[in-house]
Amino acid sequence: GGGSDPYAEEEGGSASGAPSGAVVVGSADFPESTLLGNIYAQALEAEGVTVETRFNIGSREVYYDQIEAGNLTVFPEYNGAILFHLDPDAESADTEATNTALRERLPEGLEILDSSPAQNKDSLTVTRETAERENLRTISDLDAVAGDLVLGGPPEFETRTQGVVGLREEYGLEFADFRSLDVSLVPQALSDGDVQIANLFTTDPAIATNDFVVLEDDRDLFGSQNVTPLVRGDALDDTARAALNAVSAELTTETLTELNRRVSVDHEDPDAVAADWLASVGLA
Amino acid sequence: MNGAPLIDWDWITRNLDDPIGTRLLEHLYLSFAPLLLGLLLALPLGIACARWRPLYPPVFTGVNVLYAIPSIALFFLLLPYTGFSAWTAIIPLGLYTLAILVPNVVSGLAQVPDHVRQAAVAMGFGPLRRLIQVELPVALPVIVAGLRIAAVATISMVSVASLVGIGGLGQLILTEGFRRQFPTPIVVGIVLSVALAFVVDGLLVLAQRALTPWTRDRDPVARARPRTVGAAKGGNA
Amino acid sequence: MNVLLWVTDWLSAPEQWSGTAGIPARFAEHLGYSGLALLLSALIAVPIGLLTGHTGRGGFLAASLANVARALPTIGVLMLVVLAAGIGLVPVMAALVALAVPPILVNTYEGVRGVDPQVRDAARGMGMRGREVLLRVELPVALPLILVGLRTAAIQVVSTATIAAYVGIGGLGRFIVDGQARRQFEMVAGGALLVVVMALLVAALFYLLRRFLVAPGLRRSPGS
Amino acid sequence: MITFEGVTKRYPDGTVAVDELSLELPTGQTTVFVGPSGSGKTTSLRMINRMVEPTSGRIAIDGQDVRDRDPAVLRRSIGYVIQQAGLFPHRTVLDNIATVPLLLGWTRRRARDRARELMEVVGLAPEQAKRYPHQLSGGQQQRVGVARALAADPPVLLMDEPFSAVDPVVRTGLQDELLRLQQELRKTIVFVTHDIDEAVRIGDAVAVFRAGGTLAQFSTPERLLAEPADEFVEEFVGYDRGVRRLSFFPASDLALRGDTVLAAETPSSEASAIARAQGEPWLLAVDAAHRPIGWARALDLDRAAPGSTLGDLATVGYGHVFRVGTDSLRAALDAAVLSPAGRAVGVDEDGKVVGVVAQAELGDALWAVGTDETPPAGAVRP
Amino acid sequence: MITFEGVTKRYPDGTVAVDELSLELPTGQTTVFVGPSGSGKTTSLRMINRMVEPTSGRIAIDGQDVRDRDPAVLRRSIGYVIQQAGLFPHRTVLDNIATVPLLLGWTRRRARDRARELMEVVGLAPEQAKRYPHQLSGGQQQRVGVARALAADPPVLLMDEPFSAVDPVVRTGLQDELLRLQQELRKTIVFVTHDIDEAVRIGDAVAVFRAGGTLAQFSTPERLLAEPADEFVEEFVGYDRGVRRLSFFPASDLALRGDTVLAAETPSSEASAIARAQGEPWLLAVDAAHRPIGWARALDLDRAAPGSTLGDLATVGYGHVFRVGTDSLRAALDAAVLSPAGRAVGVDEDGKVVGVVAQAELGDALWAVGTDETPPAGAVRP
Ligand SMILES: Nc1ncnc2c1ncn2[C@@H]1O[C@H](COP(=O)(O)OP(=O)(O)OP(=O)(O)O)[C@@H](O)[C@H]1O
Ligand SMILES: Nc1ncnc2c1ncn2[C@@H]1O[C@H](COP(=O)(O)OP(=O)(O)OP(=O)(O)O)[C@@H](O)[C@H]1O
Ligand SMILES: [Mg+2]
Ligand SMILES: [Mg+2]
């Protein structure tokens with residue numbers, strides 16, 4: 001389940017600062033974000049924090065402003081992604097370096113809490129069949145065959161440094177064509193053979209279900225994308241911070257992938273999956 | 001899909017209240033507001049065009065050009081200005097209704113029989129009083145007919161706004177369904193959207209009957225069909 | 001105003017005018033999808049409209065179905081068919097045809113129904129058989145309204161074919177969707193402008209069709 | 001009195017609809033504008049209530065130039081009835097009629113009471129008050145139109161082809177109604193039609209317009225038929241005007257003879273003797289109430305069986321009758337032509353025979369019409 | 001000959017539109033169906049070309065049951081004209097007229113030639129061939145409708161209120177046209193109207209329908225006016241039928257006197273002498289071509305200045321004239337009533353005076369109409 005009517009109270013706007021009382025947890029409009037939002041909300045509630053939720057808000061362009069304005073106080077984010085949002089020219093590196101760079105660029109009032117080990121990174125992924133036929137394991141292995149492959153991914157992948165541009169510059173790869181697709185269509189396009197190589201997120205359950213092969217990012221192009229709570233510092237007390245950091249500590253890429261699978265493949269409700277997991281790790 | 005049934009009744013019962021219910025209400029609001037906005041713009045515009053005929057061709061072209069702009073594009077283009085407020089959906093959808101409502105207002109007024117207008121002048125009605133007490137009431141059935149088409153079209157178009165994250169039942173379709181490769185929310189979204197369109201249409205018919213008692217038992221066949229004027233046909237873009 | 005400037009910049013960049021992702025190619029794709037969808041819709045809706053209008057039977061059913069179709073949310077249809085049939089042309093056509101059939105059907109039906117009963121009667125009274133009445137009298141007399149229906153449908157299809165971009169096939173929607181994803185608003189606006197241009201061309205085409213297909217004796221009847 | 005003084009109307013497209021029209025329409029009378037299509041009748045009418053403004057010239061009501069008055073106020077004081085009645089489709093019959101009173105600021109209750117009163121005046125049943133115009137027949141709609149025009153009791157009534165959209169039978173009924181109303185109300189009525197019969201029937205005076213918006217003739221209806229001013233008018237009033245003109249001469253001036261009218265019980269022999277004495281070949285048999293039974297031929301009476309009565313032989317029917325008090329020469333002629341005896345039977349209001357018109361007498365009356373320049377005062381209406 | 005034998009039509013909703021109708025419509029003649037609205041005229045007409053199928057009974061054309069023929073083929077052999085002409089709005093006048101020939105498989109050239117020919121027959125200018133129906137006046141549209149029905153030269157013509165949508169003047173013109181055409185073509189025409197005047201004018205025979213779809217009377221127009229079968233018919237044919245009936249009696253039977261017709265140059269004194277000799281108070285002055293100049297009163301001649309001529313005194317005008325060869329008693333009566341002398345002037349085709357009808361003579365003719373049961377053979381048309 002998602003949040004209440006997200007713009008019901010918008011008009012008046014409490015742009016002046018943190019909302020009085022409740023912590024407002026948001027999420028973007030893709031399943032993993034909603035799942036994480038649910039996990040955060042429930043973990044906070046378990047610690048007695050009053051929580052409001054505003055889930056399924058559109059793209060980062062939309063919700064980031066809302067966090068800045070103080071209408072949202074806790075948001076599940078990825079450290080690399082916010083960094084590039086704030087500074088498209090930033091260098092990506094490991095988790096620590098990314099977080100350091102990010103903290104420098106975050107505006108007044110916003111901060112990130114502890115990053116979890118769980119990463120949802122961009123990847124280049126192929127079917128097992130292609131991997132075996134062309135003998136692919138790393139992105140560098142594509143060198144010989146890239147010219148025969150059509151790459152599929154969300155539209156922005158074509159123009160990003162952490163995308164087609166970087167692949168050209170870092171790896172020297174030129175693909176036969178780039179096909180832009182809505183994120184949720186990419187796995188299907190790959191398995192149907194509409195594209196031969198795809199930009200997938202590493203926690204996408206479709207990777208396991210379809211037995212896709214994720215090629216190793218041997219030159220570290222995609223940087224780190226650790227799940228990290230983006231928060232308004234003044235809205236959270238120590239209890240709340242501790243609760244969120246506890247979640248980050250427990251969350252791994254494998255767990256996240258499994259939880260994603262339950263939401264997107266088994267079509268379980270995200271709030272139920274969140275509750276389940278929190279209980280299993282003793283956080284609720 | 002994975003061979004799963006098209007409809008997962010379990011999901012529906014679990015989510016009946018939220019998000020299904022909330023999205024439905026949101027959808028209603030997102031449809032109603034553009035209609036209201038459209039009507040508020042179309043009435044003066046249509047009245048002006050009916051009175052000063054040369055105004056009509058450029059206005060007609062204008063509203064139709066607006067209508068031809070893909071809604072996704074308009075949503076995207078408005079985003080930087082209106083941001084994440086309902087206006088991002090309401091403004092484009094409201095503008096679209098003009099292509100339906102303006103021609104209907106004009107033709108509704110044009111359809112006021114000349115002898116009725118003459119009679120009103122001859123009885124000493126001033127222009128404004130004539131408009132309000134005679135011409136608009138007589139034009140009402142045609143205007144409401146346009147409103148019906150616009151309502152159905154708008155209700156079906158609201159969903160597109162989900163692509164910018166403001167789409168009522170479209171959210172159900174996009175985030176609950178499409179992004180999770182889960183047909184049930186999509187089917188529920190479609191069915192509810194159609195049902196909403198029918199209910200609203202029915203309510204408009206009832207409203208028209210209540211507002212225009214003089215059209216009753218006139219021509220039952222004509223009443224059952226919405227009237228078609230110019231390019232004014234529903235649909236979504 | 002600088003939006004306009006960006007758009008002209010974008011439009012005048014030479015790289016936009018060549019290649020499989022250039023404007024001409026996208027324009028042609030868009031035109032192709034729209035034309036195909038309109039053709040399919042016309043093949044479905046015109047015969048049904050003519051028949052129901054001619055016989056007066058099944059008209060209510062056809063109109064009701066058209067009403068349902070009109071209320072369908074296009075992206076819902078699109079996404080459902082994508083889940084069922086995969087990406088490609090099929091979901092796009094399904095969504096566009098569902099969109100285009102109602103106006104064509106309703107206008108064709110109304111056009112034939114609206115033929116002056118006296119004229120229909122005279123045709124029968126002169127010894128025309130059903131088919132002759134339909135083809136020689138009802139169809140030509142209904143033609144202006146049928147064209148209005150086709151035009152309405154065509155413009156909607158052109159403007160809605162942008163959704164093709166969502167399911168990975170081209171068309172002018174690509175510019176809009178990609179522009180949004182990449183935060184290049186001049187591309188979104190440029191794409192929208194191209195769609196409007198195509199819609200205007202379609203309107204012009206229908207104006208010509210009306211001039212050449214509709215008997216001069218009917219030109220005063222409903223329509224543009 | 002409504003006065004046109006050298007009134008010209010040139011429309012923006014150059015059409016001269018009315019050309020130097022000068023006319024005086026007397027108060028309390030019905031003046032009919034008649035003429036072919038496009039001859040400027042409607043334009044002239046509409047200049048009176050300023051729905052059209054003259055290009056030059058002056059129109060005055062009772063001496064006051066209409067241009068000195070606020071158009072809306074002026075119009076509220078002038079009733080206006082048009083062809084399709086111009087009823088408001090969205091208002092009930094009652095509310096249609098109450099329109100002008102409400103505009104004048106009457107209370108709703110008073111306006112409605114007045115409307116109900118007028119419904120009766122124009123012959124509409126009270127249960128039609130709540131109907132909408134489309135639920136009425138054409139004739140009823142016209143009645144509502146007239147009632148609406150009369151609602152605020154305006155002294156002037158403009159009627160533009162008010163009855164031309166209804167069928168001939170209803171039309172005659174509406175004309176009768178209007179004549180009856182006018183008898184009572186004595187409004188200054190300007191009535192446009194292009195039907196000369198209607199003009200002659202309704203008008204105290206008739207203005208014949210010709211193409212180009214000029215006046216071809218302005219006179220009483222009777223004079224119009226008797227002396228068309230020129231060939232245009234003559235053609236316009238049409239063939240048949242001779243017989244039609246007979247409508248203006250009352251049958252009451254005819255000398256009726258009662259001596260050939262006998263009770264049906266009169267023995268044949270006695271009747272025969274009377275016929276011979278009068279030199280009349282036909283006798284009219286009447287019943288005890290003095291109502292006509294039929295004509296008997298004198299010849300047959302002679303040959304009748306003894307003991308038979310006049311009634312036994314009067315089988316030929318009596319053709320038509322005419323009402324002495326109200327009918328015209330035209331009706332008397334009609335009755336005579338249809339009578340097997342070639343003689344017209346005149347009856348009174350109750351249908352009792354007043355007498356029989358001798359052929360010579362009727363002939364004299366007819367042939368005199370051509371020479372007789374003015375019809376007698378109190379001429380009956382057609 | 002078209003025969004109805006006990007034909008009944010009951011519509012699915014139970015309305016009995018035509019009830020046991022039996023009729024014979026003679027070949028080459030015009031039969032008019034007349035009657036109030038809803039009396040089954042149209043239904044009866046449409047059963048002839050099977051646009052409506054009878055519930056029971058039999059309709060035959062020249063003995064052949066229409067049900068034995070393919071409807072489409074049957075209809076192509078029967079012309080059909082309806083109220084608003086039912087023209088095809090998308091075809092030119094020429095192509096409208098050519099419709100049936102093309103259906104019959106004629107070549108386009110032949111069909112068009114035929115259409116052009118027919119345009120002339122019905123009085124349409126050739127330059128209207130390329131026009132579309134909406135560019136024509138109502139009367140012209142009706143002409144196209146008639147031409148279209150005649151195109152394949154069908155022996156039978158069905159006309160359903162063909163002229164009722166045009167104004168009275170045009171309507172009379174179209175009726176004249178039809179009469180002239182029929183004189184030539186001698187089709188079997190069935191003509192529906194609810195205008196009794198039109199029926200009487202157009203029809204060789206008139207069938208009066210009454211509500212419920214039964215026949216009230218079937219007879220010649222003259223007889224219909226003379227002897228309405230019952231009160232319904234009498235009311236339907238309307239008042240005035242007496243004078244109207246005069247239309248069926250030719251004026252040619254009137255005895256004309258030439259002795260009171262004198263050249264205009266006749267000296268007054270001479271004329272006065274003649275008047276005295278004839279015992280006539282009025283003399284008609286004619287010019288050298290024997291055309292009427294005006295009436296002079298014998299009384300005035302006596303008092304005239306010496307040397308003056310009849311023409312100097314004949315200033316009174318001569319009123320109307322009637323054409324001896326073609327006009328009816330009705331026209332003669334009209335002329336007499338309008339004449340200042342009370343006497344009708346009869347002229348020939350060229351407008352030359354044939355003679356003057358004495359009052360007594362006209363009166364006798366009029367009064368005789370009531371008794372005269374059958375009009376003389378070759379009766380003139382109204
Ligand atoms: N608004 C107008 N603009 C231009 N010409 C007009 C206008 N109204 C009327 N006319 C022209 O003025 C002339 C007189 O018109 P008017 O309506 O007064 O005629 P009418 O006698 O009432 O005719 P009808 O019997 O057809 O009603 C016509 O030639 C008409 O075409
Ligand atoms: N298709 C139909 N179904 C049911 N009733 C019909 C139908 N057509 C005609 N009627 C009824 O049959 C009766 C006769 O109709 P018809 O049209 O023959 O009358 P009509 O004499 O031609 O009248 P009008 O003068 O009005 O044309 C009417 O009562 C009419 O309502
Ligand atoms: Mg007029
Ligand atoms: Mg009929």
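Chain identifiers are assigned alphabetically (A, B, ...) following the order of the sequence lines, protein sequences preceding nucleic acid strands; residue numbering begins at 1 within each chain. This is a predicted model, so every value here is computed, not measured.
- When heavy atoms are compared at a cutoff of 4.5 Å, Phe182(B) approaches chain C solely by way of its backbone atoms N, CA, C and O.
- The stretch residues 151-175 of chain C participates, sequence neighbours left out, in these ring-ring contact (aromatic ring centres under 6.0 Å, His included) pairs: Trp10(C)-Phe175(C).
- Side chain of Arg70(C) to main chain of Ser156(B): no donor-acceptor pair is present (N/O by atom type, distance under 3.5 Å, no hydrogens or angles).
- With hydrogens and angles ignored, the 3.5 Å screen pairs no side-chain donor or acceptor of Thr154(B) with any backbone N or O of Ser31(B).
- Using modelled atom types, one side-chain atom of Asp8(B) and one backbone atom of Trp11(B) make a donor-acceptor pair closer than 3.5 Å.
- In terms of modelled atom types and a separation under 3.5 Å, the side chain of Ser193(B) and the main chain of Gly189(B) share no donor-acceptor contact.
- With hydrogens and angles disregarded, no donor-acceptor distance shorter than 3.5 Å links the side chain of Thr160(C) to the backbone of Val157(C).
- Counting heavy-atom pairs closer than 4.5 Å to chain B, the top-ranked of the candidates Ile163(C), Leu78(C), Ile155(C), Ile176(C) is Ile176(C).
- Using a 4.5 Å cut-off between heavy atoms, Val68(C) touches chain B through backbone and side chain atoms alike.
- Looking at heavy atoms from C-beta onward, Leu172(B) lies out of side-chain contact with His27(B) at the 4.5 angstrom threshold.
- For a residue to count as touching a neighbouring chain, one of its non-hydrogen atoms must lie under 4.5 Å from one of that chain's; by this rule Ser162(B) touches chain C with the side chain only.
- For a residue to count as touching a neighbouring chain, one of its non-hydrogen atoms must lie under 4.5 Å from one of that chain's; by this rule Ile190(B) touches chain C with backbone and side chain alike.
- Atom CZ of Arg53(B) sits in a crowded spot, with more than 12 heavy atoms from other residues, nucleotides or ligands closer than 6.0 Å.
- Listed by sequence position, Val188(C), Ala189(C), Ala192(C), Val195(C), Val196(C) are the residues of residues 187-198 of chain C in contact with chain B, using a 4.5 angstrom heavy-atom cutoff.
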